[in-house]
Undergrad: 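Before I ask anything, let me first share the structure, which is written out below as structure tokens.
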Amino acid sequence: MGNQFGHLFRVVTFGESHGVGIGCVIDGCPSLLPLCEADIQKDLDRRKPGQNAITTQRAESDTCKILSGVYRGKTLGTPICIFIPNADARSGDYDEIAKLWRPSHADFAYDSKYGIRDPRGGGRSSARETAARVAAGAVAKKLTGNLNIRAWVESVHAISMPTVRQTPTLEEVDATPVRCPDIPTARRMEEFIKKARSEGDSLGGVIHCRIEGLPAGLGEPVFDRFEAELAKAMLSIPATKGFEIGSGFAGTCMTGSQHNDPFCLDENGGVCFVKNHAGGVLGGITSGATVDFRVAFKPTPTISKEQHTLTITKESVSFSGKGRHDPCVLPRAVPVVEAMAAIVCADMTLRNLSAKGKEI
Ligand SMILES: Cc1cc2nc3c(=O)[nH]c(=O)nc-3n(C[C@H](O)[C@H](O)[C@H](O)COP(=O)(O)O)c2cc1C
């Protein structure tokens, strides 16, 4: 089953959007790491719904509880279970969904696969599940310590911010509701999202993420290359449609001489690179350069515009989305991208401990 991610740092998420609650179990987290609910809560607060006028108005505080694996503020090395109750479940909003397949949602696919689905808010397929990933990511960050993992909204529809050399800070990213660190671009994006919502429509875009501070050597060729694990982590987030690392698709329009990243030495005599088209990975193994990647998100499938669809008995009907939803998922997906990146780094760090025979 596909409810687990990671090899040594293993995360299982559980729960449905309008059930009792959601959460995660982390098996493989080493002992003696400092951990308390406040460490997790600050990340959950960045993802929670109802933050501002451009997110869903579902009112969830997403207050987490650590049920196991921690004693007197330290991890025990035993499974860590984190639970987040669902407080604002309004299942009545979703009665109609039980009888039809919403366009671009998972309803038809879940019916086809399981022969049953929880229609309340999309059940298991709802992105509410990503709160559990953010909780697990907060634990992963304890293990990866001094890494700087930072994501931000780079574009919404056709509105893009200029490319930045310097990775934005958390404060710069969170300065606006859109989580785009370029303020004039963020303002334009915000207006465009509000316009789309007022027209009963929705928007997608691109999230850019960087991981700074990773040592050279993480990644397990050939099938578990670092970028392959990262791509899987990112494409497991609902509504994602693309992943690119380093130069990505744009690199196809360069020549080898333009694309290659020459080696050089930094001021301390360490190996570094003149540029970073590789995105921080060579041969599936981190090179010590910044890991740099982008994730594409589609427009939110729930829109209040009238659409054609089929009922579960295959009758043609028109449907418009009711209930609460995000007109653009990107601002709330930023902490989810960071959390999944942290989980990959934690897992790959543990896996790398067995790489060199002489160090065992
Ligand atoms: C943070 C986040 C919030 C989301 N919020 C909504 C929402 O409010 N309404 C909605 O229809 N889809 C939302 N989605 C997207 C759906 O969960 C997703 O598109 C749907 O389950 C179908 O899966 P797929 O797009 O991966 O095929 C959200 C996704 C993320 C990552």
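Keep in mind that what you see is a predicted model, and the values were worked out from it rather than measured.
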Undergrad: To the closest 0.5 Å, what do you measure between CD1 (I343) and CD (E229)?
TA: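 The CD1 atom of I343 sits 12.0 Å away from the CD atom of E229.
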Undergrad: Looking at R351, is its backbone amide N or carbonyl O close enough to the side chain of D347 to form a donor-acceptor pair, meaning the two atoms are under 3.5 Å apart?
TA: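 Between the backbone of R351 and the side chain of D347 there is no qualifying donor-acceptor contact (under 3.5 Å).
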Undergrad: Donor-acceptor check, side chain of D27 to backbone of R10, threshold 3.5 angstrom: yes or no?
TA: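 Pair absent, no side-chain N/O of D27 close to backbone of R10.
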Undergrad: Can you see which heavy atom on A53 is nearest to which on K194, and at what distance?
TA: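 Shortest heavy-atom contact: CB-CE, 4.3 Å.
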Undergrad: Taking D62 first and then R128, would you say they form a salt bridge - that is, a charged N and a carboxylate O separated by under 4.0 Å?
TA: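 Salt bridge flag = yes for R128 with D62.
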Undergrad: Working to the nearest 0.5 angstrom, can you tell me the gap between F293 CZ and I207 CD1?
TA: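 So the gap between those two atoms works out to 9.5 Å.
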Undergrad: R332 and T56: side-chain donor and acceptor closer than 3.5 Å?
TA: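 There is no such pair (donor and acceptor under 3.5 Å, judged by atom type) between the side chains of R332 and T56.
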Undergrad: At what distance, to the nearest 0.5 angstrom, does CG of L203 lie from OG of S155?
TA: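 So the gap between those two atoms works out to 10.5 Å.
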Undergrad: Between S287 (side chain) and A289 (backbone), is there a donor-acceptor pair under 3.5 Å?
TA: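 Between the backbone of A289 and the side chain of S287 there is a qualifying donor-acceptor contact (under 3.5 Å).
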Undergrad: Could you check whether any side-chain N or O of S68 sits under 3.5 Å from a backbone N or O of P79, counting only pairs where one atom can act as donor and the other as acceptor?
TA: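 Yes, the answer is positive, given that a donor and an acceptor are paired below the 3.5 Å cut-off.
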Undergrad: Nearest 0.5 angstrom please: K322 NZ to I97 CD1, how far?
TA: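 Result: 9.0 Å between the selected atoms.
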Undergrad: In plain terms, say whether E212 and R210 are close enough for a salt bridge, that is, a side-chain N and a carboxylate O under 4.0 Å apart.
TA: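 No salt bridge links E212 with R210.
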Undergrad: Under 3.5 Å, is there a donor-acceptor pair linking the side chains of S247 and H259?
TA: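 S247 vs H259: donor-acceptor pair found between side chains.
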Undergrad: What distance separates I40 CD1 from I80 CD1, expressed to the nearest 0.5 Å?
TA: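 Rounded to the nearest 0.5 Å, the CD1-CD1 separation comes out at 8.0 Å.
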Undergrad: Could you verify whether a donor N or O on one side chain and an acceptor N or O on the other, from H105 and T302, lie under 3.5 Å apart?
TA: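 Indeed, the side chains of H105 and T302 share at least one donor-acceptor pair under 3.5 Å.
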Undergrad: Quick one: does any side-chain atom of T75 pair with a main-chain N or O of P30 as donor and acceptor, under 3.5 Å?
TA: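 Present.
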Undergrad: Is the closest side-chain donor-acceptor distance between R47 and T55 under 3.5 Å?
TA: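 No pair is found: no donor N or O on one side chain lies under 3.5 Å from an acceptor on the other.
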Undergrad: Can you name the nearest heavy-atom pair linking T185 to P162, along with the distance?
TA: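 For T185 and P162, the tightest heavy-atom pair comes out as OG1-CD, 4.1 Å.
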Undergrad: Taking ring-ring contact (aromatic ring centres under 6.0 Å, His included) as the definition, give me every residue that meets it alongside Y71, ordered by chain and number, with sequence neighbours left out.
TA: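 Partners of Y71 by the ring-ring contact (aromatic ring centres under 6.0 Å, His included) criterion come out as none, since no residue qualifies.
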Undergrad: I'd like to know if the side chain of E129 and the backbone of G15 have a donor-acceptor N/O pair within less than 3.5 Å.
TA: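 No; judged by distance alone, with no hydrogens or angles, the pair does not exist.
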Undergrad: Between atom CD1 of I22 and atom SG of C64, what is the distance when rounded to the nearest 0.5 Å?
TA: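 I22 CD1 to C64 SG: 10.5 Å, rounded to 0.5 Å.
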Undergrad: For side chain to side chain contact (heavy atoms under 4.5 Å, CB included), just list the numbers for H208 and M161, CA-CA rounded to whole Å, side-chain angles, deciding distance to a tenth of an Å, and then say yes or no.
TA: CA-CA 11 Å; H208 196 147; M161 64 176 271; over 6 Å; no
Undergrad: Tell me whether E220 contacts the main-chain N or O of M348 through its side chain, where contact means a donor paired with an acceptor under 3.5 Å.
TA: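 No; zero donor-acceptor contacts below 3.5 Å.
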Undergrad: Going through the distances and angles, do L353 and L8 end up as a side chain to side chain contact (heavy atoms under 4.5 Å, CB included)?
TA: CA-CA 11 Å; L353 296 177; L8 295 183; over 6 Å; no
Undergrad: Can you see which heavy atom on S104 is nearest to which on P301, and at what distance?
TA: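 Between these two residues, the closest heavy atoms are O-CB, 3.6 Å.
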Undergrad: Give me the one residue out of R117, R120, K99 that meets salt bridge (charged side-chain N to carboxylate O under 4.0 Å, His left out) with D107.
TA: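 Among the candidates, only R117 passes.
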Undergrad: Are the charged groups of K195 and E191 less than 4.0 angstrom apart, N to O?
TA: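 E191 and K195: not salt-bridged.
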Undergrad: With distance as the sole criterion, is a donor-acceptor pair present between the side chains of E190 and T176 under 3.5 Å?
TA: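 Absent: no donor and acceptor within the cut-off.
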Undergrad: Any donor-acceptor pair under 3.5 Å linking the side chain of N86 with the backbone of G19?
TA: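 Checked: pair present.
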